[in-house]
2 protein chains.
Amino acid sequence: MDGTGTAPRKGTVTQRAIERIKAMIADGRLEPGQRLPTERDLAAELGISRSSMREAIRALTVLGVLEARHGSGIYVTRLRAGDLLETFGVVADLSRGERLAELLEVRRVLESAATALAAARITPDRLAEAGEHLAAMEATEDPDELLAHDLAFHRVIAVAAGNETMAALLEGLSSRTFRARVRRGYEEDGALARTRHEHAAIHRALAARDPEAARAAAAAHVGGVEQWLRRSPES
Amino acid sequence: MDGTGTAPRKGTVTQRAIERIKAMIADGRLEPGQRLPTERDLAAELGISRSSMREAIRALTVLGVLEARHGSGIYVTRLRAGDLLETFGVVADLSRGERLAELLEVRRVLESAATALAAARITPDRLAEAGEHLAAMEATEDPDELLAHDLAFHRVIAVAAGNETMAALLEGLSSRTFRARVRRGYEEDGALARTRHEHAAIHRALAARDPEAARAAAAAHVGGVEQWLRRSPES
DNA sequence: GGCCGCGATTGGTCGGACCACTTCGCTGGC
DNA sequence: GCCAGCGAAGTGGTCCGACCAATCGCGGCC
């Protein structure tokens, strides 16, 4: 028996390799940013083929735990919230019908909380930045640009809330395709003007450093889309 | 040019394969539960090797999108919230220090909302079920059993809130290793009695169908752990 | 008619070969 | 002495072909 821990007999060798590497990171044997041995060495170390090891590495790569740089090596990511929650957007991309509404409900809850926190913590700089995105949204009619500033507006707020994990989660919930899909029909219903009004209300609450007003404004904002979605038959 | 869509030139072939399959699911060409062609056929169809295709499949497998059954074939999962959010537990497992506190803050927000919703929607059956777990928690001293009933108690509430996505998210945030790690030291500080009291308060609020009381009780419950964690130096 | 078993199908693993990119040291010119 | 450029070594990326192992269905046997 070697000292690196005897591998469990269950599951595929690849699955075991994934668990082994995860365990190495969890208990500190591998630190964020550190470089791993080569695929060939790792495979030899765990007694499996390079193919299987590559599958394990690929799996951890899509999870945002590892990062492979061609010609250089394999590295543990910094394990920031953004790294690990990037895959969260996949859920939004693949969700339809009822779960889309559920995701919006989750977003409403988180966005409300984040906005309330931001009202108390936001710096003048960030408040101004949010204001710029607000102005840009009101100045353009181009849907793409509008969406970009919309996302940026909420991102500034999420970051200002001081919880990177929450911000990353909201980022995934508002991912490009997700938003684009929902808004396609939404804005055709003439809700564009109301959306602008809601954004302005959020900004005002932030400027007033009023957490409760901010929470309410954010909840109303997301809730508006939510209600529309629950009524709308979606493809 | 073939009609299945020209693959973009960027990225690795495996990455492209992942996107292709994801796209097939997103636009409905592949439906939940449906069986895919064999690895060999898929590889041929996309013009890549079986090895690369296997890596793509493995990646989508860990994301909970696909499911491979040895000897049978590859299937699209039912794409339930639980399937897709299983990997969320990985984030909790790999988080330490500051992000652990952030995750607890997220949990506090979601748990509060879910408990408030549950207060309005919970059925007598589910309320009784939660009561049983509560009684079991008060009747045992075995940490493992206690933790199991603790998790089950909150799971019943999350499900009663009527939002499977939120329930799956909370499941990940309360995943076994995560809870065990946090609670190890927490309960040694004699907070066990208080935890029981908090659970009882949540249950009372649910029985009274009082959403605001339920929200407050849940927030206080998670907040207690949260505050302890922020004070505690963690390994 | 029902049960058993064999063989085809399909995912899982392996080993090796070669390609593409990065890195870094060496070399040669300035 | 310095630096640009080249080239070899190292490393991830891709492909191939073979074989193993689990599953499933078909056909024959009882």
Side-chain angles (χ1 to χ4, degrees), chain A residues 6-22 24-25 30-78 83 86, chain B residues 6-22 24-25 30-78 83 86:
Chain A
T6 304
R9 291 278 161 68
K10 61 179 177 180
T12 68
V13 287
T14 302
Q15 196 58 41
R16 271 181 282 165
I18 293 175
E19 299 302 331
R20 290 280 292 270
I21 297 179
K22 255 173 48 182
M24 283 191 231
I25 296 174
L30 290 177
E31 305 216 338
Q34 183 178 340
R35 189 190 140 164
L36 278 69
T38 69
E39 293 180 344
R40 293 161 174 89
D41 290 346
L42 271 176
E45 194 177 327
L46 299 194
I48 66 179
S49 74
R50 194 185 159 206
S51 315
S52 300
M53 177 54 70
R54 273 191 60 78
E55 285 188 29
I57 292 170
R58 170 72 62 179
L60 290 169
T61 296
V62 301
L63 289 181
V65 175
L66 297 183
E67 180 189 1
R69 301 182 203 155
H70 193 169
S72 174
I74 305 165
Y75 301 80
V76 181
T77 67
R78 301 253 66 133
D83 296 332
E86 202 169 331
Chain B
T6 304
R9 292 277 161 69
K10 62 180 177 180
T12 67
V13 286
T14 302
Q15 197 58 41
R16 271 182 281 165
I18 293 175
E19 300 302 333
R20 290 281 291 268
I21 298 179
K22 256 173 47 182
M24 285 192 228
I25 297 174
L30 289 176
E31 305 215 338
Q34 184 177 341
R35 190 191 140 164
L36 278 69
T38 69
E39 293 180 345
R40 295 164 174 89
D41 289 347
L42 271 176
E45 192 177 328
L46 300 194
I48 66 178
S49 74
R50 194 184 160 208
S51 315
S52 300
M53 178 54 69
R54 273 190 61 77
E55 284 188 30
I57 292 169
R58 171 72 63 180
L60 291 170
T61 296
V62 301
L63 289 181
V65 175
L66 297 183
E67 180 190 2
R69 299 182 205 157
H70 193 168
S72 174
I74 306 164
Y75 301 79
V76 181
T77 67
R78 301 255 62 135
D83 297 332
E86 202 169 331

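Quick note on labels: first sequence line is chain A, next is B, and so on, each numbered from 1.
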Output the rounded distance in Å from [atom1] ([X]) to [atom2] ([N]).
| X | N | atom1 | atom2 | answer |
| --- | --- | --- | --- | --- |
| A/Glu39 | C/dG16 | CD | P | 16 Å |
| A/Gln15 | C/dG11 | CD | C1' | 15 Å |
| B/Arg58 | C/dC14 | CZ | P | 12 Å |
| A/Glu55 | C/dG11 | CD | P | 12 Å |
| B/Ile74 | C/dT9 | CD1 | P | 17 Å |
| A/Arg54 | C/dC14 | CZ | C1' | 15 Å |
| B/Arg40 | C/dA8 | CZ | P | 15 Å |
| B/His70 | C/dG12 | NE2 | P | 6 Å |

- Query: What does A/Ser51 touch in the nucleic acid at a heavy-atom separation under 4.0 angstrom: a base, only the sugar-phosphate, or nothing?
  - Reply: base

- Message: Does B/Ile48 reach a base, just sugar-phosphate, or nothing at all? Heavy atoms under 4.0 Å.
- Response: sugar-phosphate

- Answer yes or no: is there a side-chain heavy-atom contact under 4.5 Å between A/Glu55 and A/Val13? no

- Item | Min side-chain heavy-atom separation A/Leu66-A/Val76 under 4.5 Å | yes

- Task: May I ask you to check whether over 12 heavy atoms, not counting those of A/Gln34, lie within 6.0 Å of atom CD?
- Result: yes

- Item | A/Glu86 atom CD, neighbour heavy-atom count above 12 within 6.0 Å | no

- Note on the structure: Note: for A/Tyr75 and A/Ser52 on DNA chain C, the residue whose nearest nucleotide lies more 5' is A/Ser52

- Of A/Ser49 and A/Ser72, the one whose nearest nucleotide on DNA chain C sits closer to the 5' end is A/Ser49

- Note on the structure: Nt span of DNA chain D in reach of chain B heavy atoms at under 4.0 Å, 5' end first, is D/dG13 to D/dT23

- Quick one: pull up NE2 in B/His70 and OG1 in A/Thr12 and give me the separation to the nearest 0.5 Å. 10.5 Å

- Item | Spatial distance of atom CD (A/Glu39) from atom OG (A/Ser52) [nearest 0.5 Å] | 12.0 Å

- In this structure, which one of A/Leu60, A/Leu63, A/Val65 forms a side-chain contact (heavy atoms from CB on, under 4.5 Å) with A/Ile18? A/Leu60

- In this structure, which one of A/Leu42, A/Asp41, A/Thr14 forms a side-chain contact (heavy atoms from CB on, under 4.5 Å) with A/Met53? A/Leu42

- Overall bend - the helix from C/dG1-D/dC30 to C/dC30-D/dG1, comparing terminal axes fitted on five pairs, nearest 10 degrees: 0°

- Distance-only donor-acceptor test (3.5 Å): side chain B/Arg69, base C/dG12: no

- Are B/Arg16 and B/Glu19 ion-paired here, with the side-chain N under 4.0 Å from a carboxylate O? no

